[in-house]
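Below you'll find the structure, written out as C-alpha cells, and then a few comments.
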2 protein chains.
Amino acid sequence: MDKKILNKFKAVLKKEQLKLTKQRHAVLANMIKSKGHRECDEIYDQLKSNGENVSRATVYRTVAILEKYGFLRKLELGDGRARYEYKLGLDHHDHMVCIECGQIIEFVNSEIELLQDKICIDMNFKLVRHIHQLFGVCEICQN
Amino acid sequence: MDKKILNKFKAVLKKEQLKLTKQRHAVLANMIKSKGHRECDEIYDQLKSNGENVSRATVYRTVAILEKYGFLRKLELGDGRARYEYKLGLDHHDHMVCIECGQIIEFVNSEIELLQDKICIDMNFKLVRHIHQLFGVCEICQN
DNA sequence: TTTAGTATTGAGAATTAATCTCAATAAAAT
DNA sequence: ATTTTATTGAGATTAATTCTCAATACTAAA
C-alpha cells in the first residue's frame, strides 16, 4: 500500500485510539486496489477468496471508519444496499444510474458544485457532503 | 379529497386494472392532507389513530403505487427508512438535511436543473428522476 | 521482550425496514 | 344479484446491517 495513505490511516487510528489490525489493513488495501462502487459483501467475498481472514462484521465496521475519515465515500443508490468507493485524493464526481442495467456512470460538473455551495452560503447551511444522483436509461439500454 | 386528484387516481387505477379501495383512498387522502416527508410507519400510525383500518402492508403497497404514478415522491435520506412526500402539481424542489437535528429543508434552483438536463443530453442519458441532497448543519444547530 | 492494559475480532444472534403468503373479503363487471 | 377478479391483513419471511461477548491481538510501558 502507498506509504502516504498508510501513514494517514495510522495517524487517524492513533488519534481515535484505534488499532491497526491485519483486517483493517486488508479492507483498505482492497478498496484502493479495486476501485469501483462496491457492496460490503463483495469486499468480504473478495477478501475471503484471497485467503485473507476477515469477517463480514469487520468489513462493515472498517468501511464505516474509512468513510468517517474520508478514505471512502458511501453511496446509497436506492436498492437497499450501501456501496463504497475509494475517494482519498481523487477528484469529486457524482453518479448517473441506469435503471435498466444498473450501470453506474460518473459525471463531473463544477458549475453545479458552485451553485450548490452558493445555495448553502445563502441559507447559512454548513455543507458537509452531498448526493447528486441521476436515475434514467443509459445509452446502451435505449437501443 | 379534491375531485381532480381523485379522478386522476381513479383513472390510473382503472388503466392498471386496480381497484379503488377504502384503504388506498385513505392513504392518498392522508398524504395530501399532511404534507411533509413521511415514513410508512408514520402514515400507518396516523391512520390507525384516526380509526381508519389499514394494515402496514397496505400502506407500503399503496405508497408504491402512488409513487409509480407520480402522486408521491420517494426520498432516501440515508437512514435506512424511505420517506414519501406528496408532489402532484407542486413545483419541484430538492432537500437539505441537517445531520444534527434531522430537519429537512427544501431548496429550489432552476439553474442546477438546467445543467443537469444538459449533462444528460450530452451523455445521451434519458433522465427519469434525480436525487440531490445536501447534508450538513442547519443554521439553528450551528449555534 | 514481557507484561499489562485496552481495543478488536468472529460467529452467530438480533434488529429492522420492507416484502411476501394465502385464505377471507371487497370491489367491479356482467 | 351473481360472478369474476383484485385486495386485504396477520404474521411469516427476507436481507442488509448491527450487536454481543468471550477469545484474541495490538500497543505502550517497564
Side-chain angles (χ1 to χ4, degrees), chain A residues 6-7 9-30 37-69 72 74-84 102, chain B residues 6-7 9-30 37-69 72 74-84 102:
Chain A
L6 183 56
N7 282 337
F9 190 36
K10 280 182 179 167
V12 161
L13 292 173
K14 177 162 253 174
K15 193 168 64 124
E16 294 300 309
Q17 293 179 285
L18 301 173
K19 291 171 178 174
L20 178 59
T21 61
K22 281 181 177 51
Q23 291 88 342
R24 284 175 179 159
H25 188 280
V27 171
L28 176 54
N30 186 281
H37 313 93
R38 318 195 44 229
E39 301 171 28
C40 286
D41 259 33
E42 202 183 314
I43 301 167
Y44 169 74
D45 289 341
Q46 201 169 324
L47 290 171
K48 274 277 166 179
S49 66
N50 287 2
E52 315 207 49
N53 237 39
V54 180
S55 69
R56 212 180 296 272
T58 295
V59 172
Y60 277 97
R61 288 188 280 231
T62 303
V63 129
I65 293 169
L66 291 171
E67 188 209 356
K68 182 169 178 188
Y69 294 101
L72 304 183
K74 184 179 186 174
L75 310 177
E76 319 250 11
L77 303 183
D79 61 357
R81 265 164 289 137
R83 317 287 175 102
Y84 290 86
Chain B
L6 184 55
N7 282 337
F9 191 35
K10 281 181 179 168
V12 161
L13 292 172
K14 177 162 253 174
K15 192 167 64 122
E16 295 298 309
Q17 293 178 284
L18 301 173
K19 292 170 177 174
L20 178 58
T21 62
K22 282 183 173 54
Q23 290 87 343
R24 284 176 179 158
H25 188 280
V27 171
L28 176 54
N30 185 281
H37 313 93
R38 317 192 47 227
E39 300 172 29
C40 286
D41 259 33
E42 203 182 313
I43 301 167
Y44 169 76
D45 289 342
Q46 201 169 325
L47 290 170
K48 274 277 167 179
S49 66
N50 289 1
E52 315 205 50
N53 237 40
V54 180
S55 69
R56 213 179 294 271
T58 294
V59 171
Y60 276 99
R61 288 188 281 231
T62 303
V63 129
I65 294 169
L66 292 171
E67 188 209 356
K68 182 169 177 189
Y69 293 101
L72 305 184
K74 184 178 185 174
L75 310 178
E76 320 251 10
L77 303 183
D79 61 357
R81 265 164 289 136
R83 317 288 176 102
Y84 290 87

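The sequence lines fix the lettering, A, B, ..., with proteins before strands; numbering per chain opens at 1.
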Atom [atom1] of [X] and atom [atom2] of [N]: how far apart are they, to the nearest Å?
X	N	atom1	atom2	answer
A:Lys22	C:dA7	NZ	C1'	15 Å
A:Lys48	C:dT9	NZ	P	14 Å
A:Asp79	C:dT19	CG	C1'	15 Å
B:His25	D:dT8	NE2	C1'	18 Å
B:Ile43	C:dA18	CD1	C1'	13 Å
A:Ile65	D:dT18	CD1	C1'	14 Å
B:Glu76	C:dA17	CD	P	14 Å
A:Arg56	C:dT15	CZ	P	20 Å

Between [X] and [N], does any side-chain N or O lie under 4.0 Å from OP1 or OP2?
X	N	result
A:Arg81	D:dA15	no
B:Thr21	D:dT8	yes
B:Tyr60	C:dT19	no
A:Gln23	D:dC26	no

> For the atom pair CG (A:Asp45) and CZ (A:Arg56), what is the distance rounded to the nearest 0.5 Å?
Replying inline: 6.5 Å
> Atom CD1 of B:Ile65 and atom OG1 of B:Thr58: how far apart are they, to the nearest 0.5 Å?
Replying inline: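 OG1 of B:Thr58 is found 9.5 Å from CD1 of B:Ile65.
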> Taking the nucleotide of DNA chain D with the closest heavy atom to each, which residue, B:Gln17 or B:Ser55, is nearer the 5' end?
Replying inline: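 Final value for this comparison: B:Gln17.
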> Does the C:dG10 base have a donor-acceptor partner in the side chain of A:Arg61 within less than 3.5 Å?
Replying inline: yes
> Using a cut-off of 4.0 Å on non-hydrogen atoms, how would the nucleic acid contact of A:Asp41 be classed: base, sugar-phosphate, or nothing?
Replying inline: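 Here A:Asp41 touches no strand at all.
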>> Students often get this wrong, so: under 4.0 angstrom with heavy atoms, is A:Lys14 touching a base, only sugar-phosphate, or nothing?
In response: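 If one applies the 4.0 Å heavy-atom cut-off, A:Lys14 turns out to touch the sugar-phosphate alone, with no base involved.
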> Which comes earlier along DNA chain C counting from the 5' end, the contact point of B:Leu20 or that of A:Leu13, where each point is its nearest nucleotide?
Replying inline: A:Leu13
>> Quick check on DNA chain C: between B:Glu39 and B:Leu18, whose nearest nucleotide comes earlier from the 5' end?
In response: B:Glu39
> Strictly by modelled atom types, are B:Gln23 and B:Arg61 linked by a side-chain donor-acceptor pair under 3.5 Å?
Replying inline: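 There is no such pair between these side chains.
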> Of all the nucleotides listed (C:dT6, D:dG9, D:dA6), which has the minimum atom distance to the side chain of B:Lys19?
Replying inline: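 Shortest atom-to-atom distance from the side chain points to D:dA6.
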> At their closest point, which heavy atom of B:Tyr69 faces which heavy atom of B:Glu16, and how far apart are they?
Replying inline: OH-CD, 2.7 Å
> Is A:Glu39 salt-bridged to A:Arg81, going by a charged N under 4.0 Å from an acidic O?
Replying inline: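 Salt bridge present between A:Glu39 and A:Arg81.
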